[in-house]
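Note on naming: letters A, B, ... go to the chains in the order of the sequence lines (proteins, then strands), and numbering restarts at 1 for each one.
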Amino acid sequence: MDHPHYRTARLVEVQPETADTSSYEFILEDGQDLRFSPGQFNMLGLPGAGEAALSFSSLSAPGSSRFVHTIRRAGNVTGLIEELQPGQRLMVRGPFGNGWPIEQAVGCDILLVAGGIGLAPIRPLLLHCLEKRNRIRNLVLIFGARTPGEMIFQQDLATWQEQDEVTTIYCVDRLSGESSLPLRQGLVTHFMEGLGLDLRNTVACICGPEIMMRFVARNLMLQGYREERIFVSMERRMRCGTAHCGHCQIGSKFVCQDGPVFSYPDIQRFADTVL
Amino acid sequence: MQYQAFVIEKISFFSWLEELGQEFQLIGPREREGGPAFSRIESIKDLNLDYGLTMMGPQVHLYHPEEQICTIEERGAGFEVSVRQEVPRQVLIGVHSCDLHAILVLDRAFLKAGMEDRNYRLWRENTVVIGLHCPHVCPQCFCASMGTGPFFEPKQGYDFLLTDLGDSYLTETLGNRALKLIAHLNPHLATQDHFDRKSQLGLELLNQFQKSIDTTHLVEILLRNQNHPVWSQTADQRCLNCTNCTKVCPTCFCYNVKDTISFDLTRCERSRYKDSCQELHFAEVHGANFRSTRTARLRQFVTHKLATWVEQFGCFGCIGCGRCMTWCPTKIDLTDMAREIMASEGLYTAGRVKKRAD
């Protein structure tokens, strides 16, 4: 793919998640198949506003040109996406990035740890694991948000909590307001022990604020999980998605090309992260 | 690519260049206010091939400081995107070895298989590159240490490579385009004697270097010293955050993108312009900035050029031209910082680098 290589997508449906976050389902106007793996991202853009890198929050459906992004209003592009009405269009480039290490996870226990909007890129991975449930062993999701009102994917959270195929732990910093979910109070790191996982044979995938990923990864390493099997999804602002503009560089890595998913020791060795 | 070597009399070389001007835009070093600069050559008389260092390298004619990526028009059914289809054909004349290497470095960044930069490829394909071996060594230059000079070794990246032999040029050529362009000159093939004279000139240059850096263990040394005090000391005491270093560095490839919308809001021009990791905004994300201190930004520049670039692209990001330190208002020198780190590890004494004991 050269730069630029734009396609047009039409907004089909909006599903509000929290006060500042919604899930947007798009369909490609050219009707072509869009194949992507969990953890990959698109560059979504509007003329005049530029582009923003946004993870897929849905699972790629073969033969389909539909895809979902769960987006929090944070800047120009995401602000304008929030104003889109179903039927309106935006520009898409992608998919970009490497995605979660799905193949490496086969036959292993899987621990997913997400913080806030970080659950968006984790969701397709969890859906993938549930779809191929017999290929993996134990599956645990730990999801933390600041308040119950900031928890995205409420319906999914309820469904997963009732399923035997996945063990779920949902926690919030502050218990306030009503929630139909069983919530614990505390940071995700408070609920990471005694999960009954095979320490030497677990693939851990973490997505959330960098400072959270730091403490989760270090907690896991102290418990004896293997550091090279701890994966984090990094966030950097990027202009191109094709490893040219340089904005997303961390040490020798381009987050857009070599990431956004990195094994923890591979990215932690460089300066300018809080990992 | 096919390699040949000829000897061409200077008189016929320059009249050939003049001829090329009919078909190509000629770009070469010419005297400008403030020194030599790679600019459009209208007459061969403007050309000054006995130049030292230009502020901006010749690569600014391949990777422009600002350039349009595409135009976008909103139509009923979606967006119509138009990209550039062609660029003028041009000849870059008199590119020194370090700057030829800089172009090879940019090739690695912009011509990655499967992820090509369209504009760069167009300019690169339509540019004839004429390299020229330096007649003398500039005081700020350390290309010999970086393995990028004084003479250009790789058999790639140029069409013609000249060595000044007095009345004539030893003219090494790569590829069919070069052979076709000089075919009507019926040039004589170069002999061993010409190559011996070339080697001799190269050896003479090697003795002129005033500046050097030992690169043997440079990558590991810098990577294990990311918290060395030299970064904060240099940044706090001397770095003005002016971004000159990245502006003049011929391997800096980072850019930013901007959209300009027409007055009636129907047409958008998306362009890119060279950006700098020394700018405060560069590593900003929503709610944070990963290089909010001058120390972090200075360390990024130096460790990228001299260390992380190697893992990233398989070569150094520094070609030893010395532009960053020459146009730094406070003369910050990245080789000084590297040497200070080596010294603190006991690896550098009396001008020589020692091997690490362990």
Pick one of side chain, backbone, both or neither for [X], based on which atoms fall under 4.5 Å of a heavy atom in chain A.
X	answer
Asn256(B)	both
Glu284(B)	both
His286(B)	both
Arg267(B)	neither
Cys254(B)	both
Lys112(B)	side chain
Ala109(B)	backbone

### Task
Given salt bridge (charged side-chain N to carboxylate O under 4.0 Å, His left out), test Arg239(A) with Glu51(A) step by step and report yes or no.
CA-CA 7 Å; Arg239(A) 300 296 181 212; Glu51(A) 294 179 291; over 6 Å; no
Check: [Y] and [X] side chains under 4.5 Å, non-hydrogen atoms:
X	Y	value
Thr295(B)	Asp236(B)	yes
Cys207(A)	Trp100(A)	yes
Cys245(B)	Gln278(B)	yes

### Message
Give the interface residues of residues 247-273 of chain A toward chain B, defined by a heavy-atom separation under 4.5 Å.
### Response
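Within residues 247-273 of chain A, the residues that come under 4.5 Å of chain B (heavy atoms only) are His247(A), Gln249(A), Gly251(A), Ser252(A), Lys253(A), Phe254(A), Gln257(A), Arg269(A), Phe270(A), Ala271(A), Asp272(A), Thr273(A).
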### Task
Output the residues of residues 143-153 of chain A for which the shortest heavy-atom distance to chain B is under 4.5 Å, in residue-number order; output 'none' if no such residue exists.
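So no residue qualifies.
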### Cation-pi, Tyr255(B) ring and Arg272(B) (6.0 angstrom, 45 degrees)
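Output yes; distance and angle both within limits.
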### Message
Apply side chain to side chain contact (heavy atoms under 4.5 Å, CB included) to residues Met43(A) and Phe96(A) and explain how you reach the verdict.
### Response
CA-CA 8 Å; Met43(A) 297 295 288; Phe96(A) 295 116; 3.4 Å; yes
### Query
Is there a salt bridge (charged side-chain N to carboxylate O under 4.0 Å, His left out) between Arg229(A) and Glu227(A) once you walk through the steps?
CA-CA 5 Å; Arg229(A) 292 197 172 189; Glu227(A) 58 169 11; over 6 Å; no
#### Entry: salt bridge (charged side-chain N to carboxylate O under 4.0 Å, His left out) between Asp20(A) and Arg73(A), worked out
CA-CA 6 Å; Asp20(A) 59 3; Arg73(A) 180 199 339 123; 5.8 Å; no
#### Entry: Contact class of Ala9(A) relative to chain B, heavy atoms under 4.5 angstrom
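Neither part.
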### Task
May I ask you to decide if the ring planes of Phe110(B) and Tyr120(B) are parallel, tilted or perpendicular, using 30° and 60° as cut-offs?
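Because their plane-to-plane angle lies in the 30° to 60° range, the rings of Phe110(B) and Tyr120(B) count as tilted.
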